[in-house]
Asks: 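Structure provided below as structure tokens; questions to follow.
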2 protein chains.
Amino acid sequence: MFLPHPHADQIALPNVLAVLGDPTRLAIVAELARKNGGPVPCGHFMDLCSSKTNLSYHLAKLREAGITRTEAVGTSRFTTLRREELDRLFPGLLDSVIAAAGKPALATEPVR
Amino acid sequence: MFLPHPHADQIALPNVLAVLGDPTRLAIVAELARKNGGPVPCGHFMDLCSSKTNLSYHLAKLREAGITRTEAVGTSRFTTLRREELDRLFPGLLDSVIAAAGKPALATEPVR
DNA sequence: CCAATTGTTCAATTGATTTTGAACTAAGGA
DNA sequence: TCCTTAGTTCAAAATCAATTGAACAATTGG
């Protein structure tokens with residue numbers, strides 16, 4: 001049971017953006033930021049997801065994109081934001097995303 | 001021949017991120033930034049795309065997400081970045097994306 | 001040891017995006 | 001007017017991502 005995390009030099013900008021582009025995952029990141037970057041156990045995000053399975057899926061996406069780090073402690077897994085690393089790679093990006101996601105947000109849905 | 005553009009209050013953060021999360025579109029935005037935000041005619045981006053049709057598709061996505069503005073002049077369409085508006089909505093976001101996309105970029109592909 | 005708690009994995013399904021090619025529109029120049 | 005240039009639209013095909021449910025693993029409390 002090893003949780004693969006990308007190395008800083010394996011974190012790709014388009015992938016980070018695409019992964020943050022999912023409303024569920026963006027909400028998870030915003031909540032993590034509200035909790036000061038974590039660590040936060042998976043269960044904490046249950047209300048943002050339809051099921052445990054689905055939550056697991058989204059947390060894996062965040063981890064694989066290099067946005068979060070997950071460590072197992074007992075039967076729980078604690079997730080933290082990889083803030084410093086991301087800010088070194090993409091200065092200002094995560095901060096602006098978190099700030100914008102934190103606000104009431106006018107539109108949640110795109111216009112077609 | 002009307003080109004629909006979302007109003008500032010219809011621009012949604014998750015959608016903006018998802019649309020920027022595509023490598024082709026990110027390259028288009030980076031090129032627009034290199035050209036000082038435009039205006040730039042569609043044809044200028046042809047080398048970033050597999051076909052005219054496909055370029056049209058990606059430019060439409062950018063426009064519909066509120067990232068660019070397109071105006072028709074004669075038989076051409078000129079695209080510009082909606083910088084000020086986006087910066088008002090999501091301060092610092094576009095700048096950090098452009099700065100990060102501009103650099104040589106270590107990883108282009110995600111780690112699985 | 002047993003049961004409950006936490007969370008993952010797998011495979012199937014559904015659903016959404018991307019890509020492609022053919023047909024089309026609109027403007028401009030010869 | 002006819003041809004070329006610039007770009008769009010549509011529908012089909014291919015691809016990729018998200019959701020679901022059943023089964024599983026590991027840890028902890030009783």
Side-chain angles (χ1 to χ4, degrees), chain A residues 1-5 12 14-29 32 38-65 67-80 108-112, chain B residues 1-5 12 14-29 32 38-65 67-80 108-112:
Chain A
M1 191 196 271
F2 297 108
L3 303 174
H5 290 86
N15 194 235
V16 166
L17 293 173
V19 165
L20 289 175
D22 179 278
T24 300
R25 292 189 292 254
L26 189 56
I28 290 174
V29 167
L32 263 172
V40 170
C42 301
H44 181 79
F45 305 107
M46 272 303 291
D47 48 340
L48 300 176
C49 260
S50 55
S51 64
K52 247 180 358 166
T53 292
N54 191 235
L55 175 57
S56 206
Y57 169 76
H58 285 301
L59 287 174
K61 282 272 173 183
L62 286 167
R63 175 170 47 71
E64 288 164 8
I67 297 165
T68 58
R69 194 171 281 288
T70 302
E71 55 167 341
V73 174
T75 178
S76 294
R77 268 131 198 248
F78 290 90
T79 296
T80 49
T108 314
E109 285 307 310
V111 169
R112 280 279 157 184
Chain B
M1 193 199 268
F2 297 110
L3 302 173
H5 290 87
N15 193 235
V16 167
L17 293 172
V19 166
L20 290 175
D22 178 278
T24 300
R25 292 189 293 252
L26 190 56
I28 291 174
V29 167
L32 263 173
V40 170
C42 300
H44 180 80
F45 305 108
M46 271 303 290
D47 49 338
L48 300 175
C49 257
S50 55
S51 63
K52 245 179 2 166
T53 294
N54 191 237
L55 175 57
S56 205
Y57 169 76
H58 285 301
L59 287 175
K61 281 273 173 181
L62 286 167
R63 175 171 45 73
E64 288 164 6
I67 297 165
T68 59
R69 194 171 282 286
T70 301
E71 54 167 343
V73 174
T75 177
S76 294
R77 269 131 198 249
F78 290 90
T79 297
T80 49
T108 315
E109 285 306 311
V111 169
R112 280 275 157 186

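Labels below follow one simple rule: chain letters A, B, ... track the order of the sequence lines, proteins then strands, and each chain is numbered from 1.
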Asks: Between B:Arg25 and B:Tyr57, is the side chain to side chain contact (heavy atoms under 4.5 Å, CB included) condition met? List the steps.
Replies: CA-CA 10 Å; B:Arg25 292 189 293 252; B:Tyr57 169 76; 4.3 Å; yes

Asks: Heavy-atom distance under 4.5 Å between the side chains of B:Leu48 and B:Leu55, does that happen here?
Replies: no

Asks: Separation of A:Leu3 atom CG from C:dG7 atom P, in whole Å?
Replies: 12 Å

Asks: Nearest whole Å is fine: how far is C:dA16 P from A:Asp22 CG?
Replies: 13 Å

Asks: Whole angstrom is fine here: how far is it from CG in B:Leu17 over to C1' in D:dA17?
Replies: 17 Å

Asks: For A:Leu62 and C:dG7, what is the distance between atoms CG and C1' respectively, to the nearest whole Å?
Replies: 16 Å

Asks: Could you state the atom-to-atom distance from CG of A:Leu20 to P of D:dA18 in whole Å?
Replies: 12 Å

Asks: Of the candidate nucleotides D:dA6, C:dT8, C:dT19, which contains the atom at the shortest distance from the side chain of B:His58?
Replies: C:dT19

Asks: Measure from CZ on B:Phe78 to P on D:dT8 and round the result to the nearest Å.
Replies: 12 Å

Asks: Closest approach of B:His58 and B:Cys49, non-hydrogen atoms and distance?
Replies: CD2-SG, 4.0 Å

Asks: Has B:His44 got a side-chain N or O lying under 4.0 Å from the OP1 or OP2 atom of D:dA6?
Replies: no

Asks: Could you check if a side-chain atom of B:Asp22 sits within less than 4.5 angstrom of a side-chain atom of B:Lys61, using non-hydrogen atoms only?
Replies: no

Asks: Of the residues in residues 45-57 of chain A, which ones touch DNA chain D at a heavy-atom distance under 4.0 Å?
Replies: A:Ser50, A:Thr53, A:Asn54, A:Tyr57

Asks: When the distance from CG of A:Leu59 to C1' of D:dT19 is rounded to whole Å, what number comes out?
Replies: 15 Å

Asks: Over all heavy atoms of both residues, which pair between A:Ile67 and A:Val16 is shortest? Give the atoms and the distance, please.
Replies: CD1-O, 3.9 Å

Asks: Do A:Val29 and A:Leu20 touch side chain to side chain, with heavy atoms closer than 4.5 Å?
Replies: yes

Asks: Please compare A:Thr24 and B:Gly43 by the position of their nearest nucleotide in DNA chain D and report the one closer to 5'.
Replies: B:Gly43

Asks: Could you check how far CD of A:Glu64 sits from P of D:dC16, rounded to whole Å?
Replies: 16 Å

Asks: Picking from D:dA26, D:dA6, C:dT8, which would you name as closest to the side chain of A:Cys42?
Replies: C:dT8

Asks: By nearest nucleotide on DNA chain D, pick out whichever of B:Ala60 and B:Thr75 is the more 5' one.
Replies: B:Thr75

Asks: May I ask you to verify if any side-chain N or O of B:Arg77 is less than 4.0 angstrom from the OP1 or OP2 atom of C:dA26?
Replies: no

Asks: Testing the basics here: between A:Thr68 and A:His5, what is the closest heavy-atom pair and its distance to 0.1 Å?
Replies: O-CD2, 3.7 Å

